[in-house]
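Take a look at the structure set out below.
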Protein chains: 2
Amino acid sequence: MLSKSKTTELRKLLQKKYREETGLFIVEGGKSVDELLRSSLTVKGIWATDTWLSAHPQLSVAAEAVTEVELARISALTTPQQVLAVACAPRYAVADFDTSAGAILLDGIRDPGNLGTIIRTADWFGFRQVVCSTDCVEFTNPKVIQATMGSFARVAVFYADLPTFLRGSTARVFGTFLQGRPIEEVTFRRDDLLVIGNEGRGITEPVARCVTDQVHIPSYGGTGDHAESLNASVAAAVAMYAIRRQML
Amino acid sequence: MLSKSKTTELRKLLQKKYREETGLFIVEGGKSVDELLRSSLTVKGIWATDTWLSAHPQLSVAAEAVTEVELARISALTTPQQVLAVACAPRYAVADFDTSAGAILLDGIRDPGNLGTIIRTADWFGFRQVVCSTDCVEFTNPKVIQATMGSFARVAVFYADLPTFLRGSTARVFGTFLQGRPIEEVTFRRDDLLVIGNEGRGITEPVARCVTDQVHIPSYGGTGDHAESLNASVAAAVAMYAIRRQML
């Protein structure tokens with residue numbers, strides 16, 4: 001039985017303000033919570049149905065049984081999924097950025113689904129670092145966490161003022177634009193940085209000035225009428241694939 | 001001034017049932033409506049703010065001025081965007097499928113954002129045909145239309161029972177799986193078909209039996225722990241890029 005005060009407390013974590021105040025965030029769904037439990041992140045509590053709890057008899061963290069109705073009250077999902085966990089949000093300091101490993105840089109990604117999908121794709125293609133501009137959606141947003149499908153626990157997501165970050169870097173900085181060299185013609189190195197722009201306006205002027213190499217994803221769509229651009233998470237994915245593929 | 005009965009009538013089009021009954025669908029936002037007006041689709045009416053209307057003095061379709069408050073009442077968007085149009089939904093019959101042009105086949109794509117993004121990406125990479133299984137989300141769903149960013153007007157979206165459709169086809173059928181040949185090792189032809197599976201369960205058994213060639217998108221993520229899979233629209237995009245790139 002979930003108390004009224006606990007319900008209120010957990011519901012507050014759906015708001016960015018309270019997540020920032022407490023340093024906590026919410027992870028929902030069987031797959032994501034399993035990944036959370038396997039990670040090094042600190043789990044503060046679990047609220048789950050009896051079904052989920054009986055499938056997880058060896059839990060080392062405090063867990064409370066709740067009904068599906070109670071779960072619906074604290075969930076950010078339209079269809080709550082058996083389990084909700086609260087964990088301490090990882091803090092990645094720019095000082096800990098691994099300059100030898102390269103990274104995907106995001107300039108103003110506002111859509112939670114796009115950010116989550118980009119983190120998931122980065123994880124798939126072995127990019128362990130994502131650097132977000134400070135106006136990107138916060139990665140502890142429940143919709144971001146949901147879209148990462150568990151990859152939130154494996155990719156370091158930094159937040160930084162991108163021009164400042166880039167001026168302190170000696171790496172090559174690639175940026176995806178609607179013009180530039182076709183991405184498959186570039187020879188990438190492990191420590192390269194790749195910037196993906198905002199959904200609507202692309203890469204901002206201050207960041208564009210730090211880009212050393214403009215690249216684009218050819219449309220091959222012929223000379224006819226075709227889509228003006230790609231979705232940001234799609235552009236990021238195609239670029240990551242193109243980079244990894246030529247590193248084979 | 002938008003009448004109450006017109007508001008009710010337009011709001012009904014937010015429901016699949018009424019879209020199917022009337023054969024109409026809603027297009028919102030400046031870019032999407034501009035693409036609609038340039039297309040061959042029949043536009044039944046436009047409801048727009050004075051700002052939008054004064055920027056479009058040469059309209060050849062009936063347009064009514066509405067306030068932003070009125071627009072919010074008929075809009076499917078959280079932030080309505082100056083203009084909403086109602087148009088006749090195109091009907092693509094399987095008999096009109098161009099077997100020489102190839103296609104992207106979608107087996108149970110449920111998420112409107114994914115379907116819209118796949119249509120947009122197909123348009124970018126010059127795939128003019130998408131074939132949806134009958135349990136895919138309907139492409140006149142406002143969220144699908146929104147995510148296509150205007151590409152809904154340029155890509156033919158068919159609905160068919162995929163096993164039946166595939167048994168009637170002589171083309172090679174590629175399917176994306178978590179195993180199979182790395183997609184960059186395949187030599188594609190213009191008339192090939194490519195199947196993308198559902199977000200959670202992948203390609204269904206009856207469709208899998210029609211697949212002639214299993215392919216996968218290598219993760220290059222090393223042997224360590226990494227994401228189990230890619231988002232469906234990301235997998236579709238990487239596959240389309242890989243196909244077009246080797247056709248250069």
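Every chain is numbered from 1, with letters handed out A, B, ... down the list of sequences. From a predicted model like this one, the values you see are computed outputs, not experimental measurements.
- A/Glu184 and B/Tyr241 share a side-chain donor-acceptor pair at under 3.5 Å.
- Ring to ring, B/Tyr92 and B/Tyr159 are not that close: their centroids are 6.0 angstrom or more apart.
- In this structure, B/Arg201 places its CZ atom where more than 12 heavy-atom neighbours from other residues, nucleotides or ligands lie under 6.0 Å away.
- B/Thr148 does not touch chain A: none of its heavy atoms, backbone or side chain, sits under 4.5 Å away.
- For chain A, the nearby part of B/Arg154 is the side chain; its heavy atoms alone come within less than 4.5 Å.
- Among A/Thr117, A/Ile119, A/Val155, A/Ile217, the residue with the largest count of heavy-atom pairs under 4.5 Å with chain B is A/Ile217.
- Both the backbone and the side chain of B/Ala242 come within less than 4.5 Å of a heavy atom in chain A.
- The candidate with the highest count of non-hydrogen atom pairs below 4.5 Å against chain B, out of A/Ala237, A/Ser229, A/Ser233, is A/Ser229.
- At least one test fails for A/Arg120 against the ring of A/Phe152: distance under 6.0 Å to the centre or angle within 45° of the axis.
- Remark: A/Asp111 does not engage A/Lys143 in a salt bridge, criterion side-chain N to carboxylate O under 4.0 Å.
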